[in-house]
There are 2 protein chains.
Amino acid sequence: MSQHDSTETASPAPEPEAGRAELRRAAFLEAARDVFLEFGYEQANMAEIVRRAGGSLSTLYAQFGGKKGLFEAMIDSRVGELTEQMQVELAAHAPLREGLQRIGEAFLTKQTQPESLEVMRLMVAQAKKFPEIAETWAKRAPEAVRKALATYLEDRAKAGEIRIENYDLAASVYFDLVRSRLQFRSLLLPNYRPTEAEIREVVERAVKVFIGGIEAL
Amino acid sequence: MSQHDSTETASPAPEPEAGRAELRRAAFLEAARDVFLEFGYEQANMAEIVRRAGGSLSTLYAQFGGKKGLFEAMIDSRVGELTEQMQVELAAHAPLREGLQRIGEAFLTKQTQPESLEVMRLMVAQAKKFPEIAETWAKRAPEAVRKALATYLEDRAKAGEIRIENYDLAASVYFDLVRSRLQFRSLLLPNYRPTEAEIREVVERAVKVFIGGIEAL
DNA sequence: CAGGATATGTAATTCGCGTTACGTTTCAGT
DNA sequence: ACTGAAACGTAACGCGAATTACATATCCTG
């Protein structure tokens, strides 16, 4: 009776051909994500997760072994999704300034969204307790984005718009320029949320400095 | 008998003319800093703090009211100290490249020291629970460093070494270039520690891009 | 439709830890 | 020394929460 809505909570069905156990599992993971992100690892309450997911505490423990196991499973299930969420739709063959601007704004907009920030806070906070998790996170996500930008830069370089020696390096530099201040501020000021205008301005600045300075490498 | 070394633990005496209460307070704050940084806010154990500081639980509660009060007091006492620790000895009238390199290396070296990283982790993790604290932290520290660099840049501009319109802005950009990747990695990979060579390399890159690109602003 | 496995709900069971109580000791000022 | 206040040490209190136990309900399979 308390879990009347167990399946409602379970968002779009993950896999159409999922057994009961799979459904339970998906619902648990989703609720776990919400609760862990909202309260942080230590403050997250197992009972609260069950309350949101429906189902029972017993099943949760049977499936994940405990809080730690649930947390790890939750992160695992999100890594792919969140990585591709980081994926900047690279602006195909757009001219350099326009392409960099679009990519930069998209990246920064995603990075400063509440959910991304929550994930980041959780990762940073738990880096010592869950080293492997933070590690895969720290390596996979940035790499994906960097590769995408590097490809775009190579495209532009071959079009003669800019001269770049090391595309990966250049991509790193650009993201450093774009990200830094706003990400830092957003992480520490939970109520601060950059406006579109601020983002545009920061990115415009980054584009100018990047184009002007990158050939000096 | 268990606090045989209460004063030993209390590092260099903070104020020569300190009453007993002041001594206790200083010892508590120091132990609190260690324990909070080591375990994080939730996992920090009041008894453990007393164990390290010497003194008694009762006194701790009498002086700080509780865990929250102790935490806030500890952070307060650290802010001034760490802010000035952040103070980059600005390289006076050194030539631009050399000055930027020195400032950048000093900054990055401090930023990637374990203690700075622990503080950062703690702040990020508790930003929601202690908004005011994180706020002063997020604003005071960077401002001090930025001001210092801005002053140096103005000096160099007046010496005709570079043309810059907005010194504060330029300083922000430089720190963004210097900080980003290594700080990000260090926060997420608790076992990673950049070598001096890595730091030098990153800063060299930043200097090149900055000098090449900053006039485009 | 039977039967065994799995899920459910609820209620213990522990356990860690923040906080408080209280009797004893130490200390500064007269 | 005398004395009142502050500090000490220790042990309890209380609570929140992870984990487990168990009796019941539900669902696939043969």
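Chain letters run A, B, ... following the sequence lines, proteins first, then strands; residues in each count from 1.
- By the 4.0 Å N-to-carboxylate-O rule, B/Lys139 lies close enough to B/Glu135 to be salt-bridged with it.
- For the ring-ring contact (aromatic ring centres under 6.0 Å, His included) criterion with A/Phe71, the lone passing option out of A/Phe36, A/Phe39, A/Phe64 is A/Phe36.
- Salt bridge annotation for B/Arg25-B/Glu22: absent, with no cationic side-chain nitrogen under 4.0 angstrom from a carboxylate oxygen.
- The phosphate of D/dG16 has neither OP1 nor OP2 within less than 4.0 Å of any side-chain N or O from A/Asn45.
- Remark: aromatic rings of A/Phe130 and A/Tyr41 are close, center separation under 6.0 Å.
- Put simply, the side chain of B/Glu72 never gets that close to the backbone of B/Gly69: no donor and acceptor are under 3.5 Å apart.
- The interatomic distance linking B/Leu60 (CG) with C/dT20 (P) rounds to 12 Å, in whole Å.
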Heavy-atom protein contacts under 4.0 Å, nucleotides 19-26 of chain D, coded B base, S sugar-phosphate only, - none = BBB-----
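- If you take CZ of B/Phe64 and C1' of C/dT20, they are 18 Å apart, rounded to a whole angstrom.
- A/Arg24 has its CZ atom 9 Å from the P atom of C/dG9, to the nearest Å.
- A straight line from OH of A/Tyr41 to P of D/dA17 spans 14 Å, rounded to a whole angstrom.
- For the helix from C/dC1-D/dG30 to C/dT30-D/dA1, the terminal axes (five pairs an end, C1' atoms, rotation from four pairs onto the next four) enclose an angle of 20°, given to 10 degrees.
- In terms of phosphate contacts, B/Thr59 brings a side-chain nitrogen or oxygen within less than 4.0 Å of OP1 or OP2 of D/dC8.
- Salt bridge B/Glu204/B/Lys208: absent, no basic N to carboxylate O contact under 4.0 Å.
- Per the geometry, CZ belonging to A/Arg51 stands 13 Å off P belonging to D/dG16, to the nearest Å.
- Ion pairing between a basic and an acidic side chain is recognised when a charged N comes within 4.0 Å of a carboxylate O; A/Arg33 and A/Glu118 show no such pairing.
- Nucleotide C/dT6 holds its P atom 15 Å from the CZ atom of A/Arg25, rounded to whole Å.
- For the atom pair CG (B/Leu187) and OH (B/Tyr192), the distance works out to 12.0 Å, reported to the nearest 0.5 Å.
- Side chains of B/Met120 and B/Gln111 form no contact here, defined as non-hydrogen atoms less than 4.5 Å apart.
- Across the protein-nucleic acid pair, B/Glu42 atom CD and C/dC15 atom P stand 23 Å apart, rounded to whole Å.
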